[in-house]
Amino acid sequence: MRRISIFGATGSIGDSTVDLIRRDPESYRVVALTGGGNIAKLAALAREFRAEIAVTAYPERLAELRVLLAGTQTEAAAGPQALLEAADRPADWIMSAIVGAAGLPPGLRALRHGTTLALANKESLVCAGPLLMETARRHGATILPVDSEHSAVFQALQAEDLSSVERVIITASGGAFRDWPLEDLPGATLAQASSHPNWAMGQRITIDSASMFNKALELIETREFFGIDPAKIEAVVHPESIIHAMVAHNDGGILAHLGAPDMRHAIGYALNWPERRALPVERLDFVKLGSLTFRPACETRYPALRLAREVMAAGGLHGAAFNGAKERALDHFIAGRIRFTEMSDVVARVLEDLAAGSALSGPVTLEEVTRVDQIARDTADAALRLGEAAH
Ligand code: NDP
């Protein structure tokens, strides 16, 4: 029986992971399940899987969790320290699916125990790629990518030599506004940005798909995870979301990974790795599909992609600044304080301000990443206040 923990069990990736576990309950023992504000769901999952421990990120919700777990063997805990302690519990496989930079500390802690970390939380790699990869190496831990594009590249690279790779092409659906006239984008509403044409995902990543901040994070994730030169990494818009990534070699051959847009493939691949096992995902019918189409990922429509290039070129703590500013800009868009197109303006402004001083010159340690993340959020807030004053 494999011991598994799911960080972010109450979210969209959590749902897909739980769906796979539920189909084969005899094979797994659930150690830790964590969530944020959805206490009822966390408690229900903990009861169903008889988890050892259930952790909410929010200390003020602990009493509620305790009540809902009364009469069970599951311990209830809350707060950032409890998340770290849950990551200390021995597990063979851990899903890292907390949303945002909050996923970094528990993921990093889990790696120190030499575990296998299935990494959905791309923000960890964007903020602290070198730290995460080095920690895994030092402790003999394994990181398996769960983002569909990175799982696709990982699969296409099996038994291949990185030195022959000419290009890695990750695809993007283009998000909710891929067909909108550019001049309409400033008027995009929260509801419109929160609806994805192909994938069912959490709200934040769905909005990030519309702005392509998600793809920007993924370009950086590709760089950090595979160690590929940024000049060889491309994004292309592929509205059908059937090809997830392609790896082009120097002999002209290209290996593409195709599959239905269903996260259970990438999660199941990571769960069963290094084996392949049957998964409950739709099988593609190419005759029904008819054609697959591609468009350039235009940096005028998606300025986040240009910013990702700058971040990859600068390296170091720029990723943490980029992600922190992006998360804050997204908070402000969700709260209705800025327009859709102003998110990239805020992030550009923060990167410019922070790069001009010495804020981003330190080493990529957890302490420095945490410091830069906070400065980036504060600078984003300040940029917003300045913008309001100017209106
Ligand atoms: P969701 O918003 O659906 O779920 C996020 C999870 O994190 C929930 O369990 C949530 O708890 C929890 N959470 C929220 N805030 C905190 C916090 N401050 N501390 C601890 N836990 C917190 O997100 P997704 O499942 O869509 O995405 C999760 C991660 O996976 C992200 O990094 C995303 O980029 C990545 N990813 C997602 C894909 C998808 O298809 N959804 C595809 C590829 C990558 P609660 O809901 O209880 O508040």
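Order of listing sets the numbers, starting from 1, for every ligand and every atom in it.
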Visitor: Looking at Gly37, which atoms of ligand 1 are within less than 4.0 Å of one of its heavy atoms?
Guide: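 Matching atoms, with element in brackets: 45 (P), 47 (O), 48 (O).
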Visitor: Near Ala102, which atoms of ligand 1 are under 4.0 Å from a heavy atom of that residue?
Guide: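 Numbered from 1, ligand 1 contributes 17 (C), 18 (N), 19 (N).
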Visitor: May I ask you to identify the nearest protein heavy atom to atom 11 (O) of ligand 1, giving residue, atom name and distance to one decimal place in Å?
Guide: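 The protein heavy atom lying closest is Gly36 N, 2.8 Å.
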Visitor: If you measure from atom 26 (O) of ligand 1 to every heavy atom of Pro261, Gly202, Ala40, which option wins on shortest distance?
Guide: Gly202
Visitor: Could you tell me whether the side chain of Ser209 reaches within less than 4.5 Å of the side chain of Trp199, counting heavy atoms only?
Guide: no
Visitor: Between Gly11 and ligand 1, is there a nitrogen or oxygen pair with a distance under 3.5 Å?
Guide: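 Yes; the residue has a nitrogen or oxygen that sits under 3.5 Å from a nitrogen or oxygen of the ligand.
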Visitor: If you count the non-hydrogen atoms of other residues, nucleotides and ligands that lie under 6.0 Å from CZ in Arg167, is the total more than 12?
Guide: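 No, the 6.0 Å shell around CZ holds no more than 12 heavy atoms from other groups.
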Visitor: Have a look at Ser173 and tell me which of Glu240, His238, His196 forms a side-chain hydrogen bond (donor to acceptor under 3.5 Å, both in side chains) with it.
Guide: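 The option that passes is His196.
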Visitor: Given Ile13, Thr10, Asn38, identify the one with the heavy atom nearest to atom 39 (C) of ligand 1.
Guide: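 Among Ile13, Thr10, Asn38, the closest heavy atom to atom 39 (C) of ligand 1 comes from Ile13.
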Visitor: Any nitrogen or oxygen of Glu123, main chain or side chain, under 3.5 Å from a nitrogen or oxygen of ligand 1?
Guide: yes
Visitor: Could a heavy atom of Phe7 be found less than 4.0 Å from some atom of ligand 1?
Guide: no
Visitor: Any heavy atom of Ala97 closer to ligand 1 than 4.0 angstrom?
Guide: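 Yes.
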Visitor: Are more than 12 heavy atoms, taken from residues, nucleotides or ligands other than Arg50, located less than 6.0 Å from that residue's CZ atom?
Guide: no
Visitor: Can you list the atoms of ligand 1 that are under 4.0 Å from a heavy atom of Ala120?
Guide: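 Listed by number with element: 30 (O), 32 (O), 35 (C), 36 (N), 44 (C).
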Visitor: Any chance you could lay out the salt bridge (charged side-chain N to carboxylate O under 4.0 Å, His left out) test for Lys326 and Glu123, step after step, and finish with the verdict?
Guide: CA-CA 11 Å; Lys326 190 282 295 177; Glu123 297 89 342; 5.1 Å; no
Visitor: Run the numbers for me: atoms of ligand 1, each under 4.0 Å from some heavy atom of Met201, listed by number.
Guide: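 Contacts of ligand 1 toward Met201, numbered from 1: 39 (C), 40 (O), 41 (N).
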Visitor: Under 4.0 Å between a side-chain nitrogen and a carboxylate oxygen: does that hold for Lys122 and Glu149?
Guide: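 A salt bridge is absent here (no side-chain N lies under 4.0 Å from a carboxylate O).
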Visitor: Can you list the atoms of ligand 1 that are under 4.0 Å from a heavy atom of Asn121?
Guide: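 With Asn121 as reference, the close atoms of ligand 1 come out as 32 (O).
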Visitor: May I ask whether Arg204 has any heavy atom positioned less than 4.0 angstrom from an atom of ligand 1?
Guide: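 Not so, Arg204 does not reach ligand 1.
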Visitor: Scan Arg264, Met263, Met95 and name whichever one has a side-chain contact (heavy atoms from CB on, under 4.5 Å) with Thr17.
Guide: Met95
Visitor: Taking distance alone, with no angle check, do Ser12 and ligand 1 share an N/O pair under 3.5 Å?
Guide: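 Looking only at distances, the answer is yes, because the N/O contact criterion of under 3.5 Å is met.
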Visitor: With atoms numbered from 1 as shown, which atoms in ligand 1 lie under 4.0 angstrom from a non-hydrogen atom of Ile205?
Guide: 26 (O), 33 (C), 34 (O), 36 (N), 37 (C), 38 (C), 42 (C), 43 (C), 44 (C)
Visitor: Side chain or backbone, does Gly100 bring an N or O within less than 3.5 Å of an N or O on ligand 1?
Guide: no
Visitor: May I ask you to list the atoms of ligand 1 that are less than 4.0 angstrom from any heavy atom of Gly35?
Guide: 11 (O), 47 (O)
Visitor: What's the verdict on side-chain hydrogen bond (donor to acceptor under 3.5 Å, both in side chains) for His332 and Asp381, showing C-alpha distance, side-chain angles and the deciding distance?
Guide: CA-CA 9 Å; His332 288 309; Asp381 289 350; 2.8 Å; yes
Visitor: Are Val247 and Phe294 grouped together when hydrophobic residues (ILVMFWY) are joined by side-chain heavy atoms under 4.5 angstrom apart?
Guide: no
Visitor: Decide if atom CD of Gln158 counts as having more than 12 heavy atoms of other residues, nucleotides or ligands within a radius under 6.0 Å.
Guide: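 Atom CD in Gln158 is crowded, with more than 12 foreign heavy atoms closer than 6.0 Å.
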